[in-house]
Amino acid sequence: MKALLDFVPLIIFFYLYKTVEPDDTQHPLLQLIGSAGGVDNNNILVATTGLIISMLVVYGTLFVMQKFRLDKQQWIVLFMTVIFGGITLMLSDDFYIRLKAAILNLVFAGAFLLSPFFGKERKPLIQRLFGPIFNLTEKGWKNLNFAWAAMFVVMACLHIFFAFIWMNGKYWGEFTAFGDMIVMFSFIIIQFIVLRKHFKSPEA
């Protein structure tokens, strides 16, 4: 249930991005926030408004469901969405919401790289997450941690590529809503296939 809720804002964002006309300055969501809209990017502005509102509703629901707390990752995603989305709406410039996903992935990459230097046990972040599942050596955990950091760097580069380089961002909405999830799930599947011999026994 919680995992499904995380996808609701993305689905709303993609739907609005694809169905709103770029020159529609009279959309109800723009009027709701008192925005005059932009010239030819109102589909992104409306989608960003829908994203922020749905994120606040979904994460507010999760906050209650999780006994009045959010995970660090959830706070980061919510904070960056509201900040970059808010700047986008205030300036009517979609550059900032396009940039958000790339920066968010770089933040996660940095978290993995710096994780061995923080915390009581000074363990890589990936070991804290998958320690109950895999049985790896210290070097193995470090390599896997670097692999996850590299994956997030690649994801950031892909977001920049689709947002600013390839076909002037024509397919940025599609990649933002679905592409990065495909990359993430593909990486996880490959990881489990490669490390299948290192699963801990059921007894452990």
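When reading the values below, keep in mind they use all heavy atoms of this one structure, side chains included, and skip hydrogens, waters and symmetry mates.
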Look at the side chain of Arg122 and the backbone N and O of Pro116, then say whether any donor-acceptor pair between them is shorter than 3.5 Å.
no

Minimum heavy-atom distance Gly169-Tyr17, with the two atoms named:
O-OH, 3.8 Å

Contact list for residues 18-73, test ring pair (Phe, Tyr, Trp, His ring centres under 6.0 Å), sequence neighbours left out:
Phe63-Phe68

Show the nearest heavy-atom pair for residues Met55 and Thr81, with the distance to one decimal.
CE-OG1, 3.5 Å

If every non-hydrogen atom of Leu5 is compared with every non-hydrogen atom of Pro9, which pair is closest and at what distance?
O-CD, 3.3 Å

Give me the atom names and distance for the closest heavy-atom approach of Leu89 to Leu45.
CD2-O, 3.4 Å

Name every donor-acceptor pair, under 3.5 Å, that has one atom in a side chain of residues 144-151 and the other anywhere in the protein, sequence neighbours excluded.
{"unit_1": "Asn145", "atom_1": "OD1", "unit_2": "Leu125", "atom_2": "N", "d": "3.4"}
{"unit_1": "Asn145", "atom_1": "OD1", "unit_2": "Ile126", "atom_2": "N", "d": "3.2"}
{"unit_1": "Asn145", "atom_1": "ND2", "unit_2": "Phe112", "atom_2": "O", "d": "2.6"}
{"unit_1": "Trp148", "atom_1": "NE1", "unit_2": "Gln191", "atom_2": "OE1", "d": "2.4"}

Do you know which two heavy atoms are closest between Asp6 and Leu62, and how far apart they sit?
OD1-CD1, 3.7 Å

Give a yes or no on this: more than 12 heavy atoms of other residues, nucleotides or ligands lie within 6.0 Å of atom CG of Asn168.
no

With a 3.5 Å distance limit and no angle check, can you tell me whether Arg98 reaches the backbone of Phe164 through a side-chain donor-acceptor pair?
no

Will you find, in the side chains of Gln66 and Gln74, an N or O donor that is under 3.5 Å from an N or O acceptor?
yes

Has Lys200 got a side-chain atom pairing as donor or acceptor with Gly131's backbone, closer than 3.5 angstrom?
yes

If I take atom CZ from residue Phe84 and atom OG1 from residue Thr88, how far apart are they, to the nearest 0.5 angstrom?
8.5 Å

Could you walk me through whether Phe134 and Phe192 pass the ring-ring contact (aromatic ring centres under 6.0 Å, His included) check?
CA-CA 9 Å; Phe134 295 121; Phe192 276 89; 5.4 Å; yes

Residue pairs passing the side chain to side chain donor-acceptor pair (under 3.5 Å) test with at least one member in residues 40-51, sequence neighbours excluded, are Asn41-Asp94

CG of Asp180 to CZ of Phe185, rounded to nearest 0.5 Å, is 9.5 Å

Is a side-chain donor or acceptor of Asp24 paired with a backbone partner of Gln26 at a separation under 3.5 angstrom?
yes

Checking ring-ring contact (aromatic ring centres under 6.0 Å, His included) against Trp172, which of Phe161, Phe13, Phe162 comes through?
Phe13

Please name the pair of heavy atoms, one in Ser92 and one in Gly37, separated by the smallest distance, quoted to 0.1 Å.
OG-O, 3.6 Å

To the nearest 0.5 Å, tell me how far Ile182 CD1 sits from Phe175 CZ.
8.5 Å

